Amino acid sequence: RTFVKGAEDPALILTQFVPPLITAVLQDYADNIPPAREAEVLALMTAMVEELKGAFTEVIPMILEAVFECTLAMIGDDFDSFPDVRLRFFELLRAINEHCFAAFLAVPADVFKFTVQAMVYAM
């Protein structure tokens, strides 16, 4: 997160840093068992959304595809399990809503529906 927030050239991060990161980190997050999923992955994605803003919009569908369903499955059963993942997940959704809202319109209808339900659930 520190690297992304302190970067002087956001375009360089978007073209050189993001593609391999998305491929490796998000795939690992999606494939892991719930206790092995790190909330810091979600925090990193949030930091990138906040720093790269609209330029990051095209990457959002890939992020949601990798983290959305598996994270909801982790936190949807009760309010006590995985509090750090829960917090970072809703921070990510807030950042996407604030900086890359158009990305929500690019995701499949079922993902959009679950996103809206998750936001309502968080209230």
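What you are looking at is a predicted structure, and each value in this text was computed from that prediction instead of being measured. Counting begins at 1 with the first residue of the sequence.
Across all non-hydrogen atoms, the minimal contact from Val85 to Leu42 is O-CD1, 3.7 Å. Taking both residues in full, the closest heavy atoms of Tyr29 and Met74 are given as OH-SD, 4.4 Å, listed atom of the first, atom of the second, then distance. Considering all non-hydrogen atoms of both residues, Ala66 and Ala30 come closest at O-CB, 3.3 Å. Taking every heavy atom of both residues into account, Cys100 and Val49 meet most closely at SG-CG1, 4.0 Å.
Val67 places a side-chain heavy atom less than 4.5 Å from the side chain of Leu92. Under the 4.5 Å side-chain criterion, counting only non-hydrogen atoms from C-beta, Leu21 is in contact with Leu44.
One finds the CG atom of Asn97 at 10.0 Å from the OG1 atom of Thr115 (value rounded to the nearest 0.5 Å). Rounding to the nearest 0.5 Å places CG of Asp84 at 14.0 Å from CZ of Phe89. Rounded to the nearest 0.5 Å, atoms CG (Leu26) and CG (Leu64) are 10.0 Å apart. Between the CG atom in Asp9 and the CD atom in Gln16 there is a gap of 10.0 Å [rounded to 0.5 Å].
Scored by the ring pair (Phe, Tyr, Trp, His ring centres under 6.0 Å) test, Phe17 finds Phe3 as partners (sequence neighbours excluded). Glu50 is linked by a side-chain contact (heavy atoms from CB on, under 4.5 Å) to Lys5, Thr46, Arg94, Ala95, His99, counting only residues two or more places apart in sequence or in another chain. With sequence neighbours left out, Asp28 forms a side-chain contact (heavy atoms from CB on, under 4.5 Å) with Asn32. The side-chain contact (heavy atoms from CB on, under 4.5 Å) check on Ala55 picks up Leu14, with sequence neighbours excluded. Phe56 pairs by the ring pair (Phe, Tyr, Trp, His ring centres under 6.0 Å) definition with nothing, not counting sequence neighbours.
In this structure, Leu52 is not a member of the same hydrophobic cluster as Leu12, with clusters built from ILVMFWY side-chain heavy atoms closer than 4.5 Å. Ile63 and Leu87 fall into different hydrophobic clusters, where Ile, Leu, Val, Met, Phe, Trp and Tyr residues are linked whenever their side-chain heavy atoms come under 4.5 Å apart, directly or through other members.
Within the structure, salt bridge (Lys or Arg N to Asp or Glu O under 4.0 Å) pairs that include any residue of residues 52-61 do not occur (at least two apart or interchain).
More than 12 heavy atoms of other residues, nucleotides or ligands sit less than 6.0 Å from atom CD of Glu98.
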What verdict does the side-chain contact (heavy atoms from CB on, under 4.5 Å) test give for Met45 and Ile22, after you've listed the backbone C-alpha separation in whole Å, the side-chain angles of each residue and the deciding distance to 0.1 Å?
CA-CA 9 Å; Met45 296 302 124; Ile22 295 294; 4.1 Å; yes
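A donor-acceptor pair under 3.5 Å links the side-chain atoms of Arg86 to the main chain of Ile75, judged by distance alone. Using modelled atom types, no side-chain atom of Thr71 and backbone atom of Phe68 make a donor-acceptor pair closer than 3.5 Å.
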